[in-house]
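Let me begin by presenting the structure, written as structure tokens, before commenting on it.
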Amino acid sequence: MAIAYSPSPSSISASSCYSRSNPARLIRFPSNTGTVTCLKQHPARFSMSSCFNSSKPSGTGGSVSPDEEDIKYELQHRFSPPQRRKGAPVFVKLPLDALSLMGRTAGRKKLRMSMKALAAAGVEGVVVDVWWGNVEKDAPGNYDWRAYWDIVVMARDCKLKVRAVLAFHQCGTGPGDSYWISLPRWVCAEMDKNPDLAYCDRFGRRNREYISLGCDILPVLEGRSPVQTYSDFMRNFRDTFREFLGVIITEIQVGMGPAGELRYPSSPSQKLTWSWRSYELGEFQCYDKYMLSYLSARAQNVGIKKWGTGGLVRSGSLTQKPEETDFFNSNGAWRTAYGHFFLEWYSGMLLLHGERLCMAAETIFHGTGVNLSAKVAGLFWHYHTRSHPSELTAGYYNTSARDGYLPIISMFGRHGITLCCACFELLDQKEKKLNPTSSPEGFLKQLVLAAKACDVPLEGETSDSRIDDESLKNVLEMMMLYSDGLTDPSISFNFSRMNASLYESRNWIRFSNFVQHMSNVNDFQAKMNFTGDPPFISSVLASEAFAYW
């Protein structure tokens, strides 16, 4: 059954925040527009205790005790599982090719040794991408979780927890990409028959990274709607991994768009990693027939039918400067009544999509003991302009006159969803060399302060696997902006990603000390030392892991 939800996309107020504690508290926090007043209320949050504590993996007949090799190693080195510390737990993302590694003996050894090193360094767990295109590949309702089961068991045996990212998007650029994972084959076949299932820009270019949210509740996937299909996937995941939930699998991140982020594919995801991406304005993705029908209906509701006859015009080209366009320049059409109408509708549709998935996940995982999270994209280029074009085209109605992230964070708060966002390591000083109007620090401060004000848990991430002192210090500073120097269990961090560089001696020392600093984030100092000696067993295991890479 589809989840019914009918309010107007623009009816969700940007002024209401929801708190886990201290109901009915007025709080003010800075935004890019000045002061925003936020009434914090206590949401109906579900219990986080778990009743699934079986120590025997289903269908295997085994126990959770370490294997013989583990026991010998621990006896030899007097190594016991590290005690979990207060502060902000650190998780490490597994490689994108983790499944192919699990399929080879050498690959399994590499992952196992790498995980043991992480545990010895005090890392809390690993993050694994669970790809829709791998699990429900060939036929609707036909799920194959075997490879992911093996990963969860390996993490458990290495004394690590797991965060599972339910990825309903494609990975990579195409079949020639070594990390290519498409949407399920049967979904791609439906897209071939009905191209409007894919997002479309004004030039007619289709983006198949994620199904258009315009058909969220329509039975376009062999009788099921996309939201029904995502819900069935989540429900089957819950039933398959039930005994691990809340014990080993402690968090589920619900994919909500391209790259798993709640956004439109305003620019292909792979391009967002290129150095010159900081100049792109992005393209509005509202030209498939489903999105246009919603736009037309919205225009009729406000009594101006001509506003619904087509998508936005005069928005310039991808690489133009904002001031060179009619829509995005400082006094452009984004400030007009039509501009407000369109942007409110466009961002409202995205918010409605997120609400549907939050409602589904909250219902499905109720009582299992897992935390739920969702990710917002870090589109910080052009942040220091009045119109914020790269954010607008992605669906974030965030400008110099409007806070576009508060409605999203408030929505997460209503459903007990943790906010996840990346670019914690990025510095204005470096990014401004590519584009003077870029500001990852400004963007992130706005997002973090909104999460703090609304009492929504925060999960930070790095955008890449760089390990240098300056970047790691910036991560700690941004985390401290949320925790305010207090012991706060509501913050955590994902390091992206596990690779050979992480286990190289010099980098491992920095990373290990970073993990220690995060575990004592309330004792943060402005000047930190990332060059101290990590635990001996951690260094030994890292050296052995590096040999495998």
Any heavy-atom pair between the side chains of Arg238 and Thr368 that's under 4.5 Å?
yes

Given 3.5 Å as the limit, does a donor-acceptor pair link the side chain of Asp177 with the main chain of Thr173, or not?
yes

Heavy atoms of Leu99 and Tyr148 approach each other most closely as CD1-OH, 3.3 Å

Close side-chain approach of Ser490 to Tyr482, heavy-atom, < 4.5 Å:
yes

Run the numbers on Glu209 and Cys171 for side-chain contact (heavy atoms from CB on, under 4.5 Å), then give the verdict.
CA-CA 8 Å; Glu209 291 185 61; Cys171 177; over 6 Å; no

Non-hydrogen side-chain atoms of Lys375 and Leu262 separated by less than 4.5 Å:
no

Parallel, tilted or perpendicular: rings of Phe237 and Phe365 (30°, 60°):
perpendicular

Where do Val187 and Ile211 land on the side-chain contact (heavy atoms from CB on, under 4.5 Å) test, with the steps shown first?
CA-CA 9 Å; Val187 173; Ile211 298 174; 3.9 Å; yes

Rounded to the nearest 0.5 Å, the OG atom of Ser483 sits from the CE atom of Met479 at a distance of 7.5 Å

May I ask you to check whether His388 and Phe380 place their ring centers less than 6.0 Å from one another?
no

Which pair of heavy atoms, one from Ile417 and one from Val456, lies closest together, and at what distance?
O-CG1, 3.4 Å

Ser266 and Glu283: CA distance, side-chain angles, deciding distance, side-chain contact (heavy atoms from CB on, under 4.5 Å) verdict
CA-CA 5 Å; Ser266 51; Glu283 288 287 351; 5.7 Å; no

Note: Pro175 and Trp180 closest approach over all heavy atoms is CA-CD1, 3.5 Å

Checking the side chain of Thr250 only, and the main-chain atoms of Gly246 only, is there a donor and an acceptor separated by less than 3.5 Å?
no

Expected output: side-chain Asp97 to main-chain Ser100 donor-acceptor under 3.5 Å:
no

For the residue pair His340 and Tyr397, does the interplanar ring angle fall in the parallel (under 30°), tilted (30 to 60°) or perpendicular (over 60°) class?
tilted

Cation-aromatic face contact Arg263/Tyr396, 6.0 Å, 45 degrees
no

Less than 4.5 Å apart, side chain to side chain, heavy atoms only: is that true for Lys161 and Glu251?
no

Using ring centroids (six-membered ring only for Trp), state whether Tyr264 and Phe284 fall under 6.0 Å.
no

Run Asp239 and Tyr143 through side-chain hydrogen bond (donor to acceptor under 3.5 Å, both in side chains) and show every step you take.
CA-CA 12 Å; Asp239 294 342; Tyr143 306 98; over 6 Å; no

Heavy-atom closest contact (Cys215 atom, Leu197 atom, distance)
SG-CD2, 3.8 Å

Can you tell me if Ser296 uses its side chain to pair, donor with acceptor, with the backbone of Leu292 under 3.5 Å?
no

Residue pair Asp288 / Ser212, side-chain donor-acceptor N/O under 3.5 Å:
yes

Distance check, rounded to the nearest 0.5 Å: Ile408 atom CD1 versus Leu350 atom CG?
6.0 Å

With rounding to the nearest 0.5 Å, note down the distance linking NZ in Lys452 to NZ in Lys445.
13.0 Å

Hey, are Arg185 and Asp192 close enough for a salt bridge, meaning a charged N less than 4.0 Å from a carboxylate O?
no

Check the orientation of Tyr230 and Phe168. Use parallel for under 30°, tilted for 30 to 60°, and perpendicular for over 60°.
tilted

Arg206 and Asp196 ion-paired at < 4.0 Å:
yes

Tell me, with the steps shown, if Lys159 and Met115 meet side-chain contact (heavy atoms from CB on, under 4.5 Å).
CA-CA 9 Å; Lys159 305 173 183 64; Met115 287 187 187; over 6 Å; no

Under a 3.5 Å threshold, yes or no: a donor from one side chain and an acceptor from the other, between His169 and Glu261?
no

Does any part of the side chain of Arg298, heavy atoms only, come nearer than 4.5 Å to the side chain of Trp307, both counted from C-beta?
no

Side-chain contact test, heavy atoms from C-beta onward, threshold under 4.5 Å: evaluate it for Arg356 versus Ile217 and give yes or no.
yes

Using 4.0 Å as the upper bound for N to carboxylate O, is an ion pair formed by Arg497 and Asp129?
yes

Angle between ring planes, Phe244 versus Phe241, binned at 30° and 60°: parallel, tilted or perpendicular?
tilted

For Ala374, does its backbone N or O pair with a side-chain atom of Gln253 as donor and acceptor, under 3.5 Å?
no

Ring pair (Phe, Tyr, Trp, His ring centres under 6.0 Å) partner of Trp145, chosen from Trp131, Phe233, Trp132:
Phe233

Pair Asp201-Gln285, side-chain hydrogen bond (donor to acceptor under 3.5 Å, both in side chains): steps then yes or no:
CA-CA 5 Å; Asp201 67 16; Gln285 303 290 316; 4.6 Å; no

Note, Leu218 side chain near Ser225 side chain (heavy atom, < 4.5 Å):
no

Salt bridge Glu222-Lys193, side-chain N to carboxylate O under 4.0 Å
no

Atom pair CG (Leu101) and CG (Leu111), whose distance is rounded to the nearest 0.5 Å:
5.0 Å

Answer yes or no: is there a side-chain heavy-atom contact under 4.5 Å between Thr462 and Phe493?
yes

Shortest non-hydrogen separation from Val448 to Met478 and the atoms involved
CG1-O, 4.2 Å

For Asn398 and Gln446, test the side chains for any donor-to-acceptor distance below 3.5 angstrom and give the result as yes or no.
yes

Say you draw a straight line from CG of Leu447 to CZ of Phe443; how long is it, rounded to the nearest 0.5 Å?
4.5 Å

Sole candidate of Arg112, Arg146, Met154 that passes side chain to side chain contact (heavy atoms under 4.5 Å, CB included) when paired with Met102:
Met154

Does the distance from a Lys or Arg side-chain N to an Asp or Glu carboxylate O, for Asp144 and Lys137, drop under 4.0 Å?
no

Begin with the C-alpha distance, continue with both residues' side-chain angles, and end with the deciding distance and a verdict on ring-ring contact (aromatic ring centres under 6.0 Å, His included) for Tyr287 and Tyr199.
CA-CA 7 Å; Tyr287 294 84; Tyr199 284 110; over 10 Å; no

Nearest 0.5 angstrom please: Glu355 CD to Met256 CE, how far?
9.5 Å

Kindly say whether Thr393 contributes a backbone atom to a donor-acceptor pair with the side chain of Tyr346 at under 3.5 angstrom?
yes

Could you tell me whether Glu459 and Arg163 make a salt bridge, using a distance below 4.0 angstrom between a side-chain N and a carboxylate O?
yes

On a heavy-atom basis, the closest approach of Leu379 and Ala394 is CD1-CB, 3.1 Å

